[in-house]
Amino acid sequence: MMKVVIQEEETGCGIAAVANILGKSYAEMRELANEMGIQAADTSLWSDTQYVRRMLSHAGVNTADETPFTSWDALPSLALLAIKHHEENGKNFWHWVVFKRISDHYVVLDSASYLPCNIRTDFTAMQPKWYITVSNPAESQVNSSHIQG
């Protein structure tokens, strides 16, 4: 069974997304992030890709360059998605979520605490701007073929 990690801080979506990929709890991932000098309070977590990349790389997970979103069917099996893209004072911001393809179905794992269900299939509502392909997740909870809502 897969359970979605919920972010415990308003700006913790990047930490929660990485926790969802690695199968860790939010507390475990936050502790690792803090040891790496990454803090949830740093708004750069959702305006710069280097932080999630560093956390994933530290765990032996590879990431690709940002790729513009074209369609849900064109996405790889596992990806970080940038949704809720907006600009503030000339700087881009977004909310991190995880896309996961399971057989011929796919879901989005969204860590936002206000959602009634964090396993999302309301694809037209999300409108991703771009994505980062994620590969080689060691012992990843995301690799589970069973999903718990």
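Counting from 1, the numbers follow the sequence of the chain as shown.
- When the side-chain contact (heavy atoms from CB on, under 4.5 Å) test is applied to K91, the partners found at least two apart in sequence or on another chain are S44, S47, F93.
- Between L22 and L56, some side-chain heavy-atom pair lies under the 4.5 Å cut-off.
- Between I83 and K129 the shortest side-chain heavy-atom distance does not fall below 4.5 Å.
- With values rounded to the nearest 0.5 angstrom, E35 atom CD is found 12.5 Å from R30 atom CZ.
- E28 is linked by a side-chain hydrogen bond (donor to acceptor under 3.5 Å, both in side chains) to S25, counting only residues two or more places apart in sequence or in another chain.
- From I21, atom CD1 reaches atom CG of L80 across 4.0 Å, with rounding to the nearest 0.5 Å.
- The minimum heavy-atom distance linking L81 with W72 is given by the pair CD1-CZ3, 3.5 Å.
- Every side-chain contact (heavy atoms from CB on, under 4.5 Å) that E87 has, sequence neighbours left out, goes to N92.
- Every residue was checked against the side-chain hydrogen bond (donor to acceptor under 3.5 Å, both in side chains) condition with S113, not counting sequence neighbours, and none meets it.
- Scanning all heavy atoms of the two residues, the minimum distance from I6 to A112 falls at CG2-C, 4.5 Å.
- Between the CD atom in E31 and the NZ atom in K24 there is a gap of 10.0 Å [rounded to 0.5 Å].
- In this structure, the side chains of L75 and Y106 stay at 4.5 Å or more apart for every pair of heavy atoms.
- In terms of modelled atom types and a separation under 3.5 Å, the side chain of E9 and the main chain of T11 share no donor-acceptor contact.
- Under the side-chain contact (heavy atoms from CB on, under 4.5 Å) criterion, S71 pairs with D73, A74, sequence neighbours left out.
- Under the side-chain contact (heavy atoms from CB on, under 4.5 Å) criterion, T121 pairs with V107, F123, sequence neighbours left out.
- For residues 51-60, the pairs satisfying side chain to side chain donor-acceptor pair (under 3.5 Å) are T49-R53, R53-T63, R53-E66, with sequence neighbours left out.
- Between the side chain of N20 and the backbone N or O of V4, no donor-acceptor pair lies under 3.5 Å.
- For the residue pair S135 and V61, the shortest heavy atom distance occurs at O-CG1, 3.3 Å.
- The two residues P68 and W130 come nearest to each other via the heavy atoms CA-CB, 4.0 Å.
- Using a 4.5 Å cut-off on side-chain heavy atoms (C-beta onward), I132 and T67 make no contact.
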Any chance you could lay out the side chain to side chain contact (heavy atoms under 4.5 Å, CB included) test for V98 and V108, step after step, and finish with the verdict? CA-CA 5 Å; V98 177; V108 169; over 6 Å; no
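- Sorted by first and then second residue, the salt bridge (charged side-chain N to carboxylate O under 4.0 Å, His left out) pairs involving residues 101-123 (not counting sequence neighbours) are D110-R120, R120-D122.
- Across S111 and Q7, no two heavy atoms sit closer than the pair OG-OE1, 2.7 Å.
- The minimum heavy-atom distance linking W96 with A17 is given by the pair CB-CB, 4.0 Å.
- L32 is not listed as a side-chain neighbour of M55, based on a closest heavy-atom distance of 4.5 Å or more.
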